[in-house]
Amino acid sequence: MLVLTRRVNETIVIDGRVKVTVISIDQDKIRLGIDAPPEVPIVREELLAAVRDENKAAARTAPVAAGELPVKTKQDERQ
């Protein structure tokens, strides 16, 4: 892991395409601005972990046969 020190309004450039700028520092929070092309996904790590955990939980769920699924009726739609 590369560790850099930056001050407010200072920027680092990654791969010549992604710019990360320190917007503000307030106690234990740092606001970052990220300028990247639309094809570069930017996701918070905790969201990736949550999706991974949900996928693992879904994989442990017992399968249900199509015939056992509830059928929605016109009466259900009116309620």
Side-chain angles (χ1 to χ4, degrees):
M1 176 188 303
L2 173 64
V3 178
L4 300 172
T5 301
R6 300 277 75 201
R7 291 186 171 90
V8 174
N9 295 322
E10 292 184 335
T11 300
I12 62 169
V13 179
I14 302 169
D15 194 31
R17 303 179 335 140
V18 178
K19 293 181 181 180
V20 180
T21 303
V22 177
I23 303 299
S24 66
I25 303 169
D26 182 26
Q27 296 179 5
D28 64 340
K29 293 185 180 181
I30 299 171
R31 293 185 67 214
L32 300 174
I34 302 171
D35 184 15
E39 67 271 10
V40 176
I42 301 172
V43 182
R44 292 181 296 162
E45 185 176 25
E46 63 272 17
L47 294 180
L48 289 175
V51 168
R52 182 190 61 237
D53 294 344
E54 285 294 323
N55 287 341
K56 285 181 181 179
R60 290 190 298 265
T61 303
V64 177
E68 296 176 16
L69 292 173
V71 177
K72 191 171 189 176
T73 65
K74 296 269 185 195
Q75 185 177 3
D76 291 339
E77 292 175 2
R78 288 186 217 129
Q79 294 178 1

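FYI, the numbering just counts along the sequence from 1.
Of all heavy-atom pairs between Lys19 and Val13, the closest is CG-CG2, 4.1 Å. Nearest heavy-atom pair across Val40 and Arg17 is CG2-NH2, 3.1 Å. Across all non-hydrogen atoms, the minimal contact from Ser24 to Val8 is CA-CG2, 4.1 Å.
With hydrophobic clusters built from ILVMFWY side chains whose heavy atoms lie under 4.5 angstrom apart, Leu4 shares a cluster with Val22. Residues Leu2 and Val18 are members of one and the same hydrophobic cluster, defined by side-chain heavy-atom contacts under 4.5 angstrom among Ile, Leu, Val, Met, Phe, Trp and Tyr. At a threshold of 4.5 Å between side-chain heavy atoms, the hydrophobic network of Ile, Leu, Val, Met, Phe, Trp and Tyr places Ile25 and Val3 in two separate groups. Hydrophobic clustering places Ile42 together with Ile12 (ILVMFWY residues linked when any side-chain heavy atoms are closer than 4.5 Å, directly or through intermediates).
Environment of CZ in Arg31: sparse, with no more than 12 heavy atoms of neighbouring residues, nucleotides or ligands closer than 6.0 Å. A 6.0 Å sphere centred on CD of Glu39 holds more than 12 heavy atoms belonging to other residues, nucleotides or ligands.
Under the salt bridge (charged side-chain N to carboxylate O under 4.0 Å, His left out) criterion, Asp26 pairs with no residue at all, not counting sequence neighbours. Looking at residues two or more places apart in sequence or on another chain, you find a salt bridge (charged side-chain N to carboxylate O under 4.0 Å, His left out) between Glu46 and Arg44. Take Arg52 and apply the salt bridge (charged side-chain N to carboxylate O under 4.0 Å, His left out) test, not counting sequence neighbours, and it matches no residue.
Within the model, atoms CD1 of Ile23 and CG of Leu32 stand 7.5 Å from one another, a figure rounded to the nearest 0.5 Å.
For the pair Asp35/Thr21, no side-chain contact is recorded, criterion being any heavy-atom separation below 4.5 Å from C-beta on.
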